[in-house]
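Okay, structure first, notes after.
Convention: sequence-line order gives letters A, B, ...; per-chain numbering from 1.
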Amino acid sequence: MTPGDRAAELARLGGAIESTRPPSSDRSELPPLPGAAEGNVVLRLAPFPNGALHIGNARMLYVNDEYRRRYKGKLYLVFDDTIGSEEKRVDPEIFNVILNDLTIAGVPPDAVFYKSDRIPRFYPWAVRVIEKGGAYLCTCPAELLRRNRESGTPCPERSQTVETTLEGWEKMLGGAYAPGEAVLRLRTDLADPDPAFRDRVLMRLSDLEHPRVGRKYRVWPMLEFSWAVDDVELGLTHVLRGKDLVIEDRMEEFIWKLLGVKGPPFLHWGLLRLREAKIAKSKSFKEVASGVYDGWADPRTWSIDSLARRGIRAEALRRFTLSFGLSLSDIEVPAETLYAENRQLIDATTPRKSFVPDPVLVEVDGAPELGTVSLPNHPDHPELGRREVPAAPPYWLPRAELERHAGEELRLKDLLNLVLPTGPVPAGTPTLRAHFAGRENKKLPRIQWVARAGSVPVELLELDGSRRTGRAEASLLTAAPGDIFQFERVGFVRLEDRWKRGTEPVLACFGHP
RNA sequence: GCUCCCGUAGUCUAGUCCGGCCAAGGAUUCGGCGCCUUCGACGCCGUAACCCGGGUUCAAAUCCCGGCGGGAGCACCA
């Protein structure tokens, strides 16, 4: 049937039925949580404390928080600080960093738990699993264990009796084994098609010193087992986690089925990366520790803290991360998308200022008497008021523009037109001489300027960690740390917290275009 | 190699479960125009997508089969 025939046929039958399809919304909404009702939802955040929260973690934060809000539920922060490994150590400083990150992000936890406080709770569960015949004590070296798992070969201990396992478990707890000499393994199925799921380790030994509990415990749970226990003991109703942790679902469900307990369902999302932020937490950790980076708020870490430092609102981050829904695809998004979100939030209320990067002093021959000019703080929002700025030459002008437009006529925005001298701009700190060319608002390239008499030095921290110097309007001196401005033709910036009002140079951090 | 997940425009996403209101909606980017004394904002216009191949069906982005591509897991890390 052609579209025309179809329309005719439709008309003959009495016209189309009114569409019941809901209009697709411009902002996608998260799907409902299965089995959730207002007031009965308990969720958790479980970051490993080895670094500040970054953009990838933000998704975990806001998805969980969004559901907490929607169902008026609870959201726990559970530090996943089991003992880790030599390569993956718990950083004692980081507990507070993460707590602070949550505050910045606007996601306050309803309660805070530390896995390291809960170690003894895992022991009786281990015994329960053993008594169900679900585990055995394996003394294979790690290397052999791995090979056997791959080939599906059982080690001799796999067939040990429950009694033997219980004895072995007691010996393990009692200190009869050194780290690496024995582990408690789950008895799944060595023929499981997924090699990753074969007889995984439940509990193991470690002599590493834990930053919170020292050497109080030697027998530590593996992540999956600890969650099989805590997701039940903490009364969680849903577990929302990245899809990199799907095998943990299977482990937990296997254990729950074995013990006949009921655990929460799992929901996942895919990996989220910012194109510009191809950084690993461990790399940032190294650079922060060695002092190459200016702490976790260094823009190069792309941590939540660093985004706040740049003036990116938590709300922008929230909208940004929620816009991806619960999609399972691994995605890489340009930071511009986040900037667009933030711009939408702050543009209308952000005052404009003139900032001249890499400034060169320029005298203007033939200029009329110029005292001050009155400029709007925002071109589209008069309610933000106006400001008076000194307007007499000489002016600081951006070196890059002087070079690009040598010998040409251009316009100092909102002020006057001038003709630049020809030839290259000498290095160093020369004073150039330009010629006045009227005040008429002509169609000319427009550049920002600041009169020498009304300027202050500014140090602008860039995203690559470098510091750019420039001159800006002196009115910046009366602003407060944390204030956000748009430097015209440059971008949005935020005044640094460590800057003191009234002091020079003014310290600012670049946010985004 | 084995297991699981994912594949809609440049980049994301809605739609896929329950086939037809989808000649595919939204955001962002990009291009053009307008406006404003910013390369910002706003308005209008535009470019642009169902991974490929079969099958089922009157009808497939949606169901089935087979490929291909990408990601993750296969740690006594989390």
May I have the distance from A:L345 (atom CG) to B:G40 (atom C1'), rounded to whole angstrom? 16 Å
Minimum-distance nucleotide to A:R146 side chain [options: B:A78, B:A41, B:C76]: B:C76
So is A:K115 actually on top of A:W220's ring, under 6.0 Å and inside 45° of the axis? no
Look at the side chain of A:I331 and decide which nucleotide, out of B:C74, B:C12, B:U28, has an atom nearest to it. B:C12
Nearest-nucleotide pick for A:S329, side chain only, options being B:U38, B:C6, B:A78: B:C6
Side-chain N or O of A:R149 less than 4.0 angstrom from OP1 or OP2 on B:C76? yes
Listed partners of A:F436 passing ring pair (Phe, Tyr, Trp, His ring centres under 6.0 Å), at least two apart: none
Need one value for A:E401: base, sugar-phosphate or nothing, where a base atom within 4.0 Å counts as base even if backbone is also close, heavy atoms only. base
Could you state the atom-to-atom distance from CG of A:L245 to P of B:C74 in whole Å? 11 Å
Mark yes or no: A:R310 above the aromatic ring of A:W302, with NZ or CZ under 6.0 Å from the six-membered ring centre and no more than 45 degrees from the axis. yes
Would you tell me if any nitrogen or oxygen in the side chain of A:Q486 comes within less than 4.0 Å of OP1 or OP2 on B:A41? no
Using purine N1 to pyrimidine N3 plus N6-O4 or O6-N4 for Watson-Crick, or N1-O2 and O6-N3 for G-U wobble, each under 3.5 Å, what pairs with B:G43? B:C33
Could you say whether A:I83 or A:H381 is positioned toward the 5' end of RNA chain B, judged by the nucleotide with the nearest heavy atom to each? A:H381
Quantified in whole Å, what is the C1' atom distance between nucleotide B:G7 and nucleotide B:G15? 15 Å
Please state the C1' separation for the pair B:C35 and B:A27 - nearest whole angstrom. 24 Å
Quick one: A:E332 CD to B:G10 C1', roughly how many Å, whole number? 13 Å
Check whether any side-chain N or O of A:R471 sits under 3.5 Å from a backbone N or O of A:W449 as a donor-acceptor pair, and report yes or no. no
Which listed nucleotide (B:U11, B:G40, B:C76) is nearest to the side chain of A:H378? B:G40
From NZ of A:K243 over to P of B:C74, roughly how many Å is that when rounded to an integer? 15 Å
Can you figure out which of B:A78, B:U11, B:A41 approaches the side chain of A:D347 most closely? B:A41
I'd like the C1' distance from B:U28 over to B:G20, given in whole Å. 31 Å
Of all the choices, B:G40, B:C76, B:U11, which nucleotide is nearest to the side chain of A:F492 once you look at every atom? B:G40
So what does A:S206 hit on the nucleic acid, given a heavy-atom distance under 4.0 Å: a base, only sugar-phosphate, or nothing? nothing
Taking atom C1' of B:G40 as reference, at what distance in whole Å does atom CD1 of A:I484 sit? 15 Å
Let me see the working for A:M172 and A:L205 under side chain to side chain contact (heavy atoms under 4.5 Å, CB included), right down to the final yes or no. CA-CA 8 Å; A:M172 191 171 159; A:L205 292 155; 4.0 Å; yes
With both distances kept under 3.5 Å, what pairs with B:A61, Watson-Crick or G-U wobble? none
Mind checking A:E248 for me? I need base, sugar-phosphate or nothing, with any heavy atom below 4.0 Å counting as a touch. base
Between A:R343 and B:A41, is there a contact of a side-chain N or O with OP1 or OP2 at under 4.0 Å? yes
Evaluate side chain to side chain contact (heavy atoms under 4.5 Å, CB included) for A:L317 paired with A:I55, printing each intermediate quantity in order. CA-CA 8 Å; A:L317 207 50; A:I55 186 80; 3.5 Å; yes
For the side chain of A:R275 and the base of B:U11, is some donor closer than 3.5 Å to an acceptor across the two? no
Distance in angstrom units between A:F324 CZ and B:U11 P, rounded: 14 Å
What pairs of donor and acceptor atoms, side-chain ones from residues 239-248 of chain A against any protein atom, are under 3.5 angstrom apart with sequence neighbours left out?
unit_1, atom_1, unit_2, atom_2, d
A:R241, NH1, A:D249, OD1, 2.7
A:R241, NH2, A:E252, OE2, 2.9
A:K243, NZ, A:L328, O, 2.9

Using atom P in both nucleotides, what's the gap between B:U16 and B:A23 to the nearest angstrom? 16 Å
Any strand counts, and the cut-off is 3.5 Å on both contacts for Watson-Crick or G-U wobble. Which nucleotide pairs with B:A27? B:U11
C1' gap between B:C74 and B:U56, integer Å: 38 Å
Within this structure, what is the CG-to-C1' distance between A:L338 and B:U29, rounded to whole angstrom? 15 Å
Only one of A:D230, A:N64, A:D231 forms a side chain to side chain donor-acceptor pair (under 3.5 Å) with A:R44, so which one is it? A:D231
My understanding is that only residues two or more places apart in sequence, or in another chain, count here; which of them pass ring pair (Phe, Tyr, Trp, His ring centres under 6.0 Å) with A:Y76? A:F113
Need the pair for B:U3. Rule: Watson-Crick or G-U wobble, both distances under 3.5 Å, any strand; none if unpaired. B:A72
What interatomic distance, in whole Å, is found between C1' of B:A48 and the corresponding atom of B:G31? 12 Å
Dump the intermediate steps for salt bridge (charged side-chain N to carboxylate O under 4.0 Å, His left out) on A:R147 and A:E143, then the final yes or no. CA-CA 6 Å; A:R147 278 208 309 276; A:E143 176 57 26; 3.5 Å; yes
From B:C6, B:A78, B:U38, pick the nucleotide closest to the side chain of A:L223? B:A78
Verify the contact: side-chain N or O of A:S327 to OP1 or OP2 of B:U13, cut-off strictly under 4.0 Å; return yes or no. yes
Please give the distance between the C1' atoms of B:G55 and B:G19 as a whole number of Å. 15 Å
Are A:F485 and A:F355 close enough that their ring centres sit under 6.0 Å apart? no
When the P atoms of B:G73 and B:G10 are compared, how many Å lie between them, rounded to an integer? 29 Å
Quick check on contacts: within residues 178-199 of chain A, what sits under 4.0 Å from RNA chain B by heavy-atom distance? A:G180, A:V183, A:P193, A:D194, A:P195, A:A196
Whether A:R215 and A:D207 form a salt bridge (side-chain N of Lys/Arg under 4.0 Å from carboxylate O of Asp/Glu) is what I want to check. no
Protein N or O to nucleotides 30-37 of chain B N or O, pairs below 3.5 Å:
unit_1, atom_1, unit_2, atom_2, d
B:U37, O2', A:K413, NZ, 3.3
B:U37, O2', A:D414, OD1, 2.7
B:U37, O2, A:R411, NE, 3.4
B:U37, O2, A:D414, N, 2.4
B:U37, O2, A:D414, OD1, 3.4
B:U37, N3, A:R411, NH2, 2.9

Comparing A:T337 with A:P49, nearest RNA chain B nucleotide closer to 5' gives the residue A:T337
Taking atom C1' of B:C12 as reference, at what distance in whole Å does atom CG of A:L271 sit? 15 Å
Mind checking what makes side chain to side chain contact (heavy atoms under 4.5 Å, CB included) contact with A:V127, not counting sequence neighbours? A:E131, A:L166, A:W169
Would you mind classifying the nucleic acid contact of A:M222 as base, sugar-phosphate or nothing, using non-hydrogen atoms under 4.0 angstrom? sugar-phosphate
